[in-house]
Amino acid sequence: TTPGATDVPMLGIDFSVQAGYAYLSGLKVKKFVNVSGKTLVPDDKVTLKAYVDANGNNQVDAGETLLGSASFSSNLANLIFSPQTVPTSPPLKILLAVDIASDADPTHWLALKVDSPADVTITSVADKSSANYPLSNTQDIPLPVQVVGIKAEVNGNVVKLKIKTQVERGDFVGFNIYRSKDNDKYVLVGSYVNNSSLKAKGLGPYGGEYEFVDKVVESGKYYYKIEAVGRGESREVEVINVDIEIPKRYVLHQNYPNPFNPTTTIEFELPVSANVVLELYNISGQKVRELFNGKLPAGYHKVVVDGRDLASGVYFYVLKANDFVGVKKMVLVK
């Protein structure tokens, strides 16, 4: 090793597959030496950086992509980066830059080993033997889709998840969305099976954009787990969290659907806890039903109205909460 060198050593690695393509989302790099009497460079003296070698010249040129960096702990460094496509040809070229601190002992050694997963072939321009370079690719992701972006937009209690893909194979079928309040117990809230917006678009190398809208009731932090599903397997892509804030004012929303038959939903927002009364009146101003009466916490709430025993016509629903009174009109059509 050359401590403090400006031109750090580069290990050029080609990743390829027999057919089709796979995905590489990280590298586990192990320090290793099998020469008697040699000592490894200490963990805190070595930093690794991984680049995409777009020009294929084993040099980090201007504009080339830095995938990630990592330091060693117990002779192991974890480089995590966004999924990279590993094709049949040309191969994915990655440069592993080995940076040794200037105060390291120059007599110490550093060796790396490359172990390939079953579906990815690794070759290197370095003069190496399979016994002396322990760099293991254990985070290969053989999923039929490459996700390049996930973001969440929050509007009140409505969460909109947007998923962008770059590559989709023919055996990609879609996404599943799971939700949790504790990042532990997740429930399925959306699936490609019954939600066309999550079903694979089949756009091949160009990818596509997907959108899922979720409406939650309580304020607080929510976690969403996005799962990509292929015909042969499914895999968690990412977990993203959002914060649903307490409403800032009283709001009584228009019922939906409207007109309706036989059921409809009324939603309202409370900025503070309140004793809530929700009543239904006919066109003559007579109260025909008390829909809810009780105390509710601050947040987002909804009540389902069953109109099977009501006559067709125009009705008014009235919300009373502390000093707030709201009125909306609904129409029942049978």
Exercise for the section: Please assess Ile283 against Tyr315 for the test side chain to side chain contact (heavy atoms under 4.5 Å, CB included), listing each intermediate value before the final yes or no. Expected result: CA-CA 6 Å; Ile283 193 68; Tyr315 292 86; over 6 Å; no
Exercise for the section: Start with the C-alpha gap between Asn255 and Val305, add the side-chain angles, then the distance that decides, and say whether side chain to side chain contact (heavy atoms under 4.5 Å, CB included) holds. Expected result: CA-CA 9 Å; Asn255 65 299; Val305 180; over 6 Å; no
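- No hydrogens or angles considered: nothing links the side chains of Gln286 and Tyr281 as a donor-acceptor pair under 3.5 Å.
- Across Ser219 and Tyr300, no two heavy atoms sit closer than the pair OG-CE1, 4.0 Å.
- When side chains are defined from C-beta on, Asn183 counts as touching Val239, because their heavy atoms get closer than 4.5 Å.
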Handout entry: Stepwise salt bridge (Lys or Arg N to Asp or Glu O under 4.0 Å) test for Arg235 and Glu227
Key = CA-CA 6 Å; Arg235 186 80 63 84; Glu227 180 183 64; over 6 Å; no
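- Both Val147 and Tyr224 sit in one connected hydrophobic cluster of ILVMFWY residues. Membership requires side-chain heavy atoms under 4.5 Å apart, directly or through other members.
- Asp43 places no side-chain N or O within 3.5 Å of a backbone atom of Val46 that could act as its donor or acceptor partner.
- Proximity of a side-chain donor or acceptor of Glu267 to a complementary backbone N or O of His301 within less than 3.5 Å is not detected.
- Separation of atoms CG (Leu280) and OH (Tyr317) is listed at 10.0 Å; rounding is to 0.5 Å.
- Within 6.0 Å of the CD atom in Glu245, the count of heavy atoms belonging to other residues, nucleotides or ligands does not exceed 12.
- With contacts defined as side-chain heavy-atom distances shorter than 4.5 Å, the pair Val242/Val216 does not qualify.
- A single hydrophobic cluster is not seen to contain both Ile163 and Tyr223; linkage of ILVMFWY side chains at heavy-atom distances under 4.5 Å, directly or through other members, places them apart.
- Hydrophobic cluster membership is shared by Tyr186 and Leu188, with clusters built from Ile, Leu, Val, Met, Phe, Trp and Tyr side chains linked at under 4.5 angstrom.
- Residues Val277 and Glu290 form a side-chain contact, since some pair of their non-hydrogen atoms from C-beta on lies under 4.5 Å apart.
- Look at Glu209 and Lys201 and you find no salt bridge, because none of the NZ, NE, NH1 or NH2 atoms lies under 4.0 Å from a carboxylate O.
- Between Val327 and Leu252, the shortest heavy-atom contact is N-CD2, 3.8 Å.
- Two residues are said to be in side-chain contact when any heavy atoms from C-beta on lie closer than 4.5 Å; Asp103 and Lys45 meet this criterion.
- Listed here is the closest heavy atom pair of Val86 and Val17: O-CG2, 3.6 Å.
- For the atom pair Ser71 OG and Leu76 CG, the distance stands at 10.5 Å (nearest 0.5 Å).
- Going from atom NZ of Lys151 over to atom NZ of Lys160 covers 10.0 Å, rounded to the nearest 0.5 Å.
- The environment of Lys334 atom NZ is dense: over 12 non-hydrogen atoms of other residues, nucleotides or ligands sit within 6.0 angstrom.
- For the atom pair Ser25 OG and Ile80 CD1, the distance stands at 6.5 Å (nearest 0.5 Å).
- Nearest approach of Thr264 to Met330, heavy atoms of both residues: CG2-CE, 4.2 Å.
- The pair Glu279-Lys320 counts as a salt bridge, with a side-chain nitrogen and a carboxylate oxygen less than 4.0 angstrom apart.
- Aromatic ring orientation, Phe175 versus Phe172: perpendicular (interplanar angle above 60°, classes split at 30° and 60°).
- Ser180 OG to Tyr222 OH: the interatomic distance, rounded to the nearest 0.5 Å, is 10.0 Å.
- The closest side-chain heavy-atom distance from Tyr51 to Thr65 is not below 4.5 Å.
- Checked by atom type, the side-chain pair Glu211/Ser197 shows no donor-acceptor distance below 3.5 Å.
- Tyr250 has its ring centre less than 6.0 Å from the ring centre of Phe324.
- For the atom pair CG (Asp14) and CD1 (Ile94), the distance works out to 9.5 Å, reported to the nearest 0.5 Å.
- Between Asp309 and Arg289 there is a salt bridge, since at least one side-chain N of the basic residue sits less than 4.0 Å from a carboxylate O of the acidic one.
- For Asn155 (side chain) and Val158 (main-chain N/O), no donor-acceptor pair under 3.5 Å exists by modelled atom type.
- With Gln18 contributing its side chain and Thr88 its backbone, the two residues share no donor-acceptor pair below 3.5 Å.
- No side-chain heavy atom of Lys302 sits less than 4.5 Å from a side-chain heavy atom of Lys215.
- Hydrophobic clustering (side-chain heavy atoms under 4.5 Å, transitive across Ile, Leu, Val, Met, Phe, Trp, Tyr) keeps Leu278 apart from Phe316.
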Problem - Candidate pair Tyr178 and Glu236, rule side-chain hydrogen bond (donor to acceptor under 3.5 Å, both in side chains), full reasoning - result: CA-CA 10 Å; Tyr178 298 84; Glu236 176 186 316; over 6 Å; no
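- In summary, Lys49 and Asp99 do not engage in a salt bridge, as defined by a charged side-chain N under 4.0 Å from a carboxylate O.
- A 4.5 Å side-chain heavy-atom check between Leu24 and Phe15 finds at least one atom pair inside the cut-off.
- By the 4.0 Å N-to-carboxylate-O rule, Glu238 lies too far from Lys225 to be salt-bridged with it.
- Annotation: Asp243, atom CG; neighbour count of heavy atoms from other residues, nucleotides and ligands within 6.0 Å is above 12.
- What you find for Val29 and Phe72 is that their closest heavy atoms are O-CE2, 3.4 Å.
- There is no path of hydrophobic side-chain contacts, each under 4.5 Å, that joins Val251 to Ile246.
- Residues Ser191 and Asn176 have side chains that bring a donor and an acceptor to within less than 3.5 angstrom of each other.
- The 12-atom threshold is exceeded at NZ of Lys181, counting heavy atoms of other residues, nucleotides or ligands nearer than 6.0 Å.
- Of the possible polar contacts, none joining the Asp214 side chain to the Val189 backbone as a donor-acceptor pair under 3.5 Å is found.
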Exercise for the section: List the steps, then state whether side chain to side chain contact (heavy atoms under 4.5 Å, CB included) holds for Leu319 with Val325. Expected result: CA-CA 6 Å; Leu319 175 70; Val325 177; over 6 Å; no
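- Residues Leu48 and Leu27 form no side-chain contact, since every pair of their non-hydrogen atoms from C-beta on lies 4.5 Å or further apart.
- In plain terms, the two heavy atoms of Gly307 and Leu332 that are nearest each other are O-CD2, 3.6 Å.
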Practice task
For the pair Val303 and Thr265, evaluate side chain to side chain contact (heavy atoms under 4.5 Å, CB included) and give the outcome as yes or no after the intermediate values.
Solution key: CA-CA 6 Å; Val303 174; Thr265 300; over 6 Å; no
